[in-house]
Enquirer: 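If you scroll down you'll find the structure; I have some questions about it.
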Amino acid sequence: MSSNVILQAKNIHRRFGGVVAVKDASLTVNSGEIVGLIGPNGSGKSTMVNLITGELQVNGGSFTFCGQDVTALPPYQRARLGMSRSFQMIRLFGSLSVEDNLLLARHISMNSSTLDSIAGNPKAKQEEDQVRAKARELLAWFELEKFAQRPATALSIGQQRMVELARGLISEPKLFLLDEPAAGLSPPNVDRLITIIRRMRDEFGMSILLVEHDMRVVRELCDRVAVLDSGEMIAQGEPEVVVNDPVVVEAYIGSGWKRRAKA
């Protein structure tokens with residue numbers, strides 16, 4: 001495997017009882033790439049993301065991340081190696097402040113335990129102060145610093161989406177999996193999201209796997225696109241090539257989709 005490859009999913013297979021959700025699917029994400037994963041509802045995209053992050057285990061195939069076989073590793077170990085993700089349905093801790101949401105996300109990679117912090121261990125206090133400073137820095141990057149002490153649920157949907165992205169970034173991931181980040185956003189917020197995701201890749205030097213239904217987001221951001229249909233990869237390539245692939249259009253996107261995608 002090339003040293004440029006961050007993630008390699010090879011011949012992935014997953015079934016639920018007698019239903020095959022992902023069948024012999026392969027996918028590669030290279031260093032610094034934004035790769036789109038598209039397909040209709042029920043095509044296996046969410047299952048594939050959950051398999052990559054370890055929330056589900058494969059029935060066949062393998063995952064290699066940064067040169068290491070991670071197929072059998074649980075989610076927290078993959079996160080420690082540099083995987084982060086967001087969710088289609090925003091999963092912030094509503095009772096916590098925006099800043100504390102970021103702090104909690106970083107705890108998995110901190111040297112000090114929660115008990116150390118409660119006990120007032122000086123090294124734990126110093127590390128927590130450093131993480132809080134990093135959280136404030138990220139909130140400023142997202143223009144959210146004035147909301148740092150507010151409950152996460154007091155923010156708008158667009159602002160909560162930005163908090164979720166900041167929460168993923170605080171762990172300094174090598175690969176960030178974004179699950180439909182444009183869901184529920186207004187057109188102006190989608191425009192801002194496109195700019196933010198591009199800046200995330202360029203300024204933080206990460207790779208991104210983007211699951212998205214909004215084809216404008218996919219076309220403007222992605223270097224390559226992979227297409228799932230009924231759990232099988234039916235096409236991979238540059239966005240415009242994939243959009244115009246007759247197999248993709250005929251298989252499941254529908255004849256009107258190309259016109260909508262170009263709107």
Side-chain angles (χ1 to χ4, degrees), residues 6-7 9 12 21-23 25-30 32-53 84-91 142 156-162 164-165 168 175-202 206-263:
I6 293 294
L7 173 73
I12 301 302
V22 177
K23 181 180 179 182
S26 296
L27 175 72
T28 299
V29 180
N30 296 317
E33 268 193 321
I34 300 178
V35 176
L37 181 61
I38 66 173
N41 291 332
S43 63
K45 302 186 303 298
S46 294
T47 299
M48 190 68 176
V49 169
N50 288 333
L51 290 167
I52 291 170
T53 58
S84 189
R85 71 168 295 179
S86 69
F87 295 87
Q88 180 181 353
M89 301 298 291
I90 296 172
R91 297 188 183 181
F142 282 93
S156 70
I157 294 297
Q159 290 166 335
Q160 288 185 44
R161 187 69 73 185
M162 294 299 109
E164 190 172 47
L165 293 179
L175 175 67
F176 201 167
L177 295 95
L178 305 180
D179 192 355
E180 300 198 29
L185 298 185
S186 65
N189 278 328
V190 171
D191 292 338
R192 182 168 184 245
L193 178 74
I194 290 171
T195 300
I196 286 288
I197 292 175
R198 188 178 291 116
R199 284 185 62 202
M200 283 166 47
R201 187 269 304 272
D202 295 344
M206 69 184 68
S207 303
I208 294 172
L209 181 61
L210 174 69
V211 179
E212 187 53 69
H213 277 298
D214 189 323
M215 288 309 300
R216 182 167 66 91
V217 176
V218 172
R219 288 167 59 237
E220 291 194 27
L221 281 175
C222 294
D223 301 299
R224 290 186 296 113
V225 175
V227 186
L228 271 175
D229 178 32
S230 300
E232 296 186 62
M233 290 290 184
I234 64 168
Q236 296 194 47
E238 295 180 1
E240 292 303 327
V241 174
V242 169
V243 166
N244 291 286
D245 187 331
V247 175
V248 174
V249 175
E250 183 65 26
Y252 66 98
I253 294 176
S255 59
W257 180 83
K258 278 173 62 178
R259 294 192 296 273
R260 295 194 300 272
K262 293 179 179 179

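Since the model is a prediction, treat every value here as computed from it, not as a measurement.
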Enquirer: Does D223 reach the main-chain N or O of V35 with its side chain, forming a donor-acceptor pair under 3.5 Å?
Expert: no
Enquirer: Which residues pass the side-chain hydrogen bond (donor to acceptor under 3.5 Å, both in side chains) test with R224, not counting sequence neighbours?
Expert: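 Residues passing side-chain hydrogen bond (donor to acceptor under 3.5 Å, both in side chains) with R224: E33.
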Enquirer: Checking side-chain contact (heavy atoms from CB on, under 4.5 Å) for the pair L209/M48: CA distance, chi angles, key distance, verdict?
Expert: CA-CA 11 Å; L209 181 61; M48 190 68 176; over 6 Å; no
Enquirer: Dump the intermediate steps for side-chain contact (heavy atoms from CB on, under 4.5 Å) on I194 and V190, then the final yes or no.
Expert: CA-CA 6 Å; I194 290 171; V190 171; 4.3 Å; yes
Enquirer: What's the separation between atom NE2 in H213 and atom CD1 in I38, rounded to the nearest 0.5 Å?
Expert: 9.5 Å
Enquirer: Whether the side chain of E212 engages the backbone of A182 through a donor-acceptor N/O pair (distance < 3.5 Å, no angle test) should be reported.
Expert: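 Confirmed, E212 side chain pairs with A182 backbone.
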Enquirer: Does some side-chain heavy atom of N50 sit less than 4.5 Å from a side-chain heavy atom of R85?
Expert: yes
Enquirer: To the closest 0.5 Å, what do you measure between CG (L27) and CD1 (I12)?
Expert: 9.5 Å
Enquirer: Just wondering, do D191 and R216 contact through their side chains at under 4.5 Å, heavy atoms?
Expert: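 Side chain of R216 against side chain of D191, heavy atoms only: contact under 4.5 Å found.
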Enquirer: I'd like to know whether I197 forms a side-chain contact (heavy atoms from CB on, under 4.5 Å) with F176, so could you lay out the CA-CA distance, the side-chain angles of the two residues, the decisive distance to 0.1 Å, and finally the verdict.
Expert: CA-CA 10 Å; I197 292 175; F176 201 167; over 6 Å; no
Enquirer: Would the distance check show the side chain of Q236 and the main-chain N or O of T28 forming a donor-acceptor pair, the cut-off being under 3.5 Å?
Expert: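 A pair under 3.5 Å: no.
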Enquirer: Nearest 0.5 Å, please: how far is CZ in R161 from CZ in F142?
Expert: 12.5 Å
Enquirer: Kindly indicate whether the side chain of M233, heavy atoms from C-beta on, has any atom under 4.5 Å from the side chain of L228.
Expert: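 SC-SC contact between M233 and L228 confirmed.
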Enquirer: Please report the closest heavy-atom contact between V218 and P239, naming both atoms and the distance.
Expert: O-CG, 4.2 Å
Enquirer: Report the distance from atom CG of L177 to atom CG of L7, rounding to the nearest 0.5 Å.
Expert: 7.5 Å
Enquirer: List the steps, then state whether side-chain contact (heavy atoms from CB on, under 4.5 Å) holds for E220 with T195.
Expert: CA-CA 10 Å; E220 291 194 27; T195 300; over 6 Å; no
Enquirer: Quick one: CD1 on I34 to CG on D202, what's the gap to the nearest 0.5 Å?
Expert: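 I34 CD1 to D202 CG: 7.0 Å, rounded to 0.5 Å.
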Enquirer: What's the separation between atom CG in L175 and atom CD1 in I52, rounded to the nearest 0.5 Å?
Expert: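 Here the rounded value is 7.5 Å.
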Enquirer: Looking only at heavy atoms, which two atoms of C222 and L210 are closest? And how far apart?
Expert: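 Smallest interatomic distance, heavy atoms only, reads SG-CD2, 3.8 Å.
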Enquirer: Would the distance check show the side chain of S207 and the main-chain N or O of N30 forming a donor-acceptor pair, the cut-off being under 3.5 Å?
Expert: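 A pair under 3.5 Å: yes.
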Enquirer: Taking R201 for its side chain and G32 for its backbone only, find out whether a donor-acceptor pair lies under 3.5 Å.
Expert: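 It does hold such a pair.
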Enquirer: Would you call V211 and S46 a side-chain contact if the rule is heavy atoms closer than 4.5 Å?
Expert: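 Not touching, per the 4.5 Å side-chain cut-off.
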Enquirer: Do the side chain of K45 and the main chain of P40 share a donor and acceptor less than 3.5 angstrom apart?
Expert: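 Side chain of K45 to backbone of P40, a donor-acceptor pair under 3.5 Å: yes, one is there.
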